[in-house]
**Q** 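Below you'll find the structure I mean.
Letters go in sequence order (proteins before strands), and every chain restarts at 1.
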Protein chains: 2
Amino acid sequence: MARAATTTDAFNAVAEPRRREILDALAGGELAVGDLVELLGLAQPQVSKHLRVLREVGLVDVRDDGRRRLYRVNGAPLRAVHDWVAQYERLWNERFDLMDDVLDELGTRPPTDAGTGQGD
Amino acid sequence: MARAATTTDAFNAVAEPRRREILDALAGGELAVGDLVELLGLAQPQVSKHLRVLREVGLVDVRDDGRRRLYRVNGAPLRAVHDWVAQYERLWNERFDLMDDVLDELGTRPPTDAGTGQGD
DNA sequence: CAAACATATACCCATATGGGAATGCGTCAA
DNA sequence: TTGACGCATTCCCATATGGGTATATGTTTG
């Protein structure tokens with residue numbers, strides 16, 4: 001087996017830096033392939049291929065405009081990523097960690113910080 | 001060129017479902033490789049290899065305990081993922097207006113150093 | 001109609017992958 | 001010491017990747 005396909009889910013699709021750049025560029029609004037080619041400095045086929053992947057996971061939508069194709073972001077699939085990562089927020093935020101200890105010792109969570117002081 | 005190495009960053013490391021499972025399992029606390037083997041139903045070498053990747057990107061720390069090795073999560077590297085994805089929250093959240101303000105502020109880099117956040 | 005333009009596909013290729021199986025190596029038990 | 005245990009590493013391999021280049025498809029213009 002090789003690595004999971006990039007089109008498997010948003011996790012894989014977004015692992016590629018170039019695709020993140022594309023999404024960032026599209027964050028400002030609709031853009032045609034040619035615009036992205038200029039903005040990213042990538043070859044046109046490469047951009048089209050990245051867009052294909054993004055489309056397959058639903059991260060972008062397309063709209064025909066004459067001989068151009070306008071792409072736009074659709075962040076919905078990123079929600080899964082966000083939700084998963086959010087669970088680890090506490091692990092890079094020391095405060096939560098300390099708070100956890102404190103709460104653990106107290107045995108219960110006070111309804112609000114009643115100015116418990118900063119003891120430690 | 002092939003795909004970027006899985007050890008390139010948290011984005012790539014976490015794109016693999018098994019590695020996410022490992023992190024989820026470790027979220028409860030330290031675990032030995034053998035524990036993970038049982039929990040995930042994977043072969044031991046595979047688990048060790050996934051742990052290697054996670055270690056290389058700093059997502060887990062190890063600790064020797066006799067002939068076992070206890071792994072624990074370190075969510076720090078996930079912060080980059082979280083921060084990037086958070087930019088797109090507005091695309092699946094209805095509160096555009098509020099988010100717009102936030103994004104606007106993110107667009108500028110205040111001279112302040114770390115610690116800003118909203119802690120207060 | 002043909003020519004120019006915009007985009008998508010097809011091919012080719014070097015590369016890292018993740019699983020399987022075998023093995024190396026340090027640690028604990030008898 | 002020998003042997004069992006726990007884990008890491010190595011080798012093998014099918015597979016998808018992303019970039020490069022060439023080409024096919026569709027659209028607008030002359």
Side-chain angles (χ1 to χ4, degrees), chain A residues 1-26 30-73, chain B residues 1-26 30-73:
Chain A
M1 246 188 209
R3 221 195 289 197
T6 57
T7 53
T8 300
D9 51 37
F11 280 97
N12 283 278
V14 162
E16 168 66 21
R18 265 48 203 295
R19 281 193 288 264
R20 260 175 279 148
E21 285 181 40
I22 289 182
L23 291 178
D24 288 340
L26 292 177
E30 280 185 334
L31 284 180
V33 178
D35 300 327
L36 290 168
V37 169
E38 271 198 55
L39 286 172
L40 302 185
L42 271 183
Q44 176 267 310
Q46 273 52 271
V47 173
S48 281
K49 280 188 275 190
H50 282 310
L51 285 169
R52 181 112 153 76
V53 173
L54 291 174
R55 254 183 47 194
E56 288 198 33
V57 296
L59 276 169
V60 298
D61 293 318
V62 214
R63 179 167 77 84
D64 277 18
D65 174 42
R67 55 186 167 187
R68 293 190 306 166
R69 311 202 77 195
L70 301 179
Y71 284 80
R72 68 180 312 190
V73 190
Chain B
M1 246 186 211
R3 222 197 289 199
T6 56
T7 53
T8 300
D9 52 36
F11 280 96
N12 282 278
V14 163
E16 169 66 20
R18 295 336 181 94
R19 278 190 293 262
R20 259 175 280 146
E21 285 181 41
I22 289 182
L23 292 178
D24 288 341
L26 292 176
E30 281 186 333
L31 284 181
V33 178
D35 300 327
L36 291 168
V37 169
E38 271 198 55
L39 286 171
L40 303 185
L42 270 182
Q44 177 266 312
Q46 272 51 272
V47 173
S48 282
K49 282 188 272 190
H50 281 312
L51 285 169
R52 181 113 154 75
V53 173
L54 291 174
R55 254 183 45 194
E56 289 199 33
V57 298
L59 276 169
V60 299
D61 293 318
V62 214
R63 178 167 78 85
D64 276 17
D65 175 42
R67 55 186 169 187
R68 295 188 305 164
R69 310 201 79 195
L70 301 180
Y71 284 81
R72 68 179 312 188
V73 190

**Q** Between N or O atoms, less than 3.5 Å apart, protein on one side and nucleotides 3-5 of chain C on the other: list the pairs.
**A**
none

**Q** Taking side chain as C-beta onward, heavy atoms only, is B:V33 less than 4.5 Å from B:L36?
**A** no
**Q** Side-chain contact test, heavy atoms from C-beta onward, threshold under 4.5 Å: evaluate it for A:R19 versus A:T6 and give yes or no.
**A** yes
**Q** For a quick test of reading the model: is some side-chain N or O of B:Y71 closer than 4.0 Å to OP1 or OP2 of D:dA8?
**A** yes
**Q** Taking the side chain as C-beta and beyond, is there a heavy-atom pair between B:V62 and B:L51 under 4.5 Å?
**A** no
**Q** Can you figure out which of D:dT21, D:dC11, C:dT7 approaches the side chain of A:Q46 most closely?
**A** D:dT21
**Q** Could you check A:L70 against B:A43 and say which one's nearest nucleotide on DNA chain C is further toward the 5' end?
**A** A:L70
**Q** Please report the distance, rounded to the nearest Å, between CD1 in B:I22 and C1' in C:dG18.
**A** 12 Å
**Q** Partners of A:D64 by side-chain contact (heavy atoms from CB on, under 4.5 Å), sequence neighbours excluded?
**A** A:R69
**Q** Given atom CD of B:E38 and atom C1' of D:dC7, what is their separation to the nearest angstrom?
**A** 15 Å
**Q** What is the distance from CD of A:E56 to P of C:dA8, rounded to the nearest Å?
**A** 13 Å
**Q** Between C:dG20, C:dA10, D:dG6, which one does the side chain of B:K49 approach most closely?
**A** C:dG20
**Q** Report for the helix from C:dC1-D:dG30 to C:dA30-D:dT1: angle between first-end and last-end helix axes, five pairs each, rounded to 10 degrees.
**A** 10°
**Q** Within this structure, what is the CZ-CG distance for the pair A:R72 and A:L31, rounded to the nearest 0.5 Å?
**A** 11.5 Å
**Q** To the nearest 0.5 Å, what is the distance between NE2 (A:H50) and CZ (A:R20)?
**A** 11.5 Å
**Q** Hey, does the side-chain of A:Q44 have a donor or acceptor N/O within less than 3.5 Å of a partner on the base of C:dA6?
**A** no
**Q** Rounded to the nearest 0.5 Å, what's the gap from CG on A:L59 to CG on A:D9? Could you check?
**A** 9.5 Å
**Q** Nearest whole angstrom, please: distance from the C1' of D:dC7 to the CZ of B:R55.
**A** 11 Å
**Q** Between P on D:dC7 and CG on B:L51, what's the gap in Å once rounded to a whole number?
**A** 10 Å
**Q** How many whole angstroms separate atom CG of A:D65 from atom P of D:dG26?
**A** 18 Å
**Q** Can you tell me the distance, in whole Å, between the CG atom of B:L42 and the P atom of C:dG20?
**A** 8 Å
**Q** The side chain of A:V33 lies closest to which of these nucleotides: C:dA8, D:dC7, D:dT10?
**A** C:dA8
**Q** Between the protein and nucleotides 13-17 of chain D, which nitrogen or oxygen pairs come in under 3.5 angstrom?
**A**
{"from": "D:dT17", "atom 1": "OP1", "to": "A:T6", "atom 2": "N", "distance (Å)": "2.8"}
{"from": "D:dT17", "atom 1": "OP1", "to": "A:T6", "atom 2": "OG1", "distance (Å)": "2.8"}

**Q** Starting at CG of B:L26, measure out to CG of B:L54 and round the result to the nearest 0.5 Å.
**A** 8.0 Å
**Q** Would you be so kind as to tabulate the donor-acceptor pairs closer than 3.5 Å made by side chains of residues 39-46 of chain A, with sequence neighbours excluded?
**A**
{"from": "A:Q44", "atom 1": "NE2", "to": "A:S48", "atom 2": "OG", "distance (Å)": "3.1"}
{"from": "A:Q46", "atom 1": "OE1", "to": "A:K49", "atom 2": "NZ", "distance (Å)": "3.4"}

**Q** Please confirm whether the shortest side-chain N or O distance from B:R69 to OP1 or OP2 of D:dA8 is below 4.0 Å.
**A** yes
**Q** Using a cut-off of strictly less than 4.0 Å, decide whether B:R52 has a side-chain nitrogen or oxygen near OP1 or OP2 of D:dA8.
**A** no
**Q** Residues two or more places apart in sequence or in another chain: which of them pass side-chain contact (heavy atoms from CB on, under 4.5 Å) with A:R52?
**A** A:E56
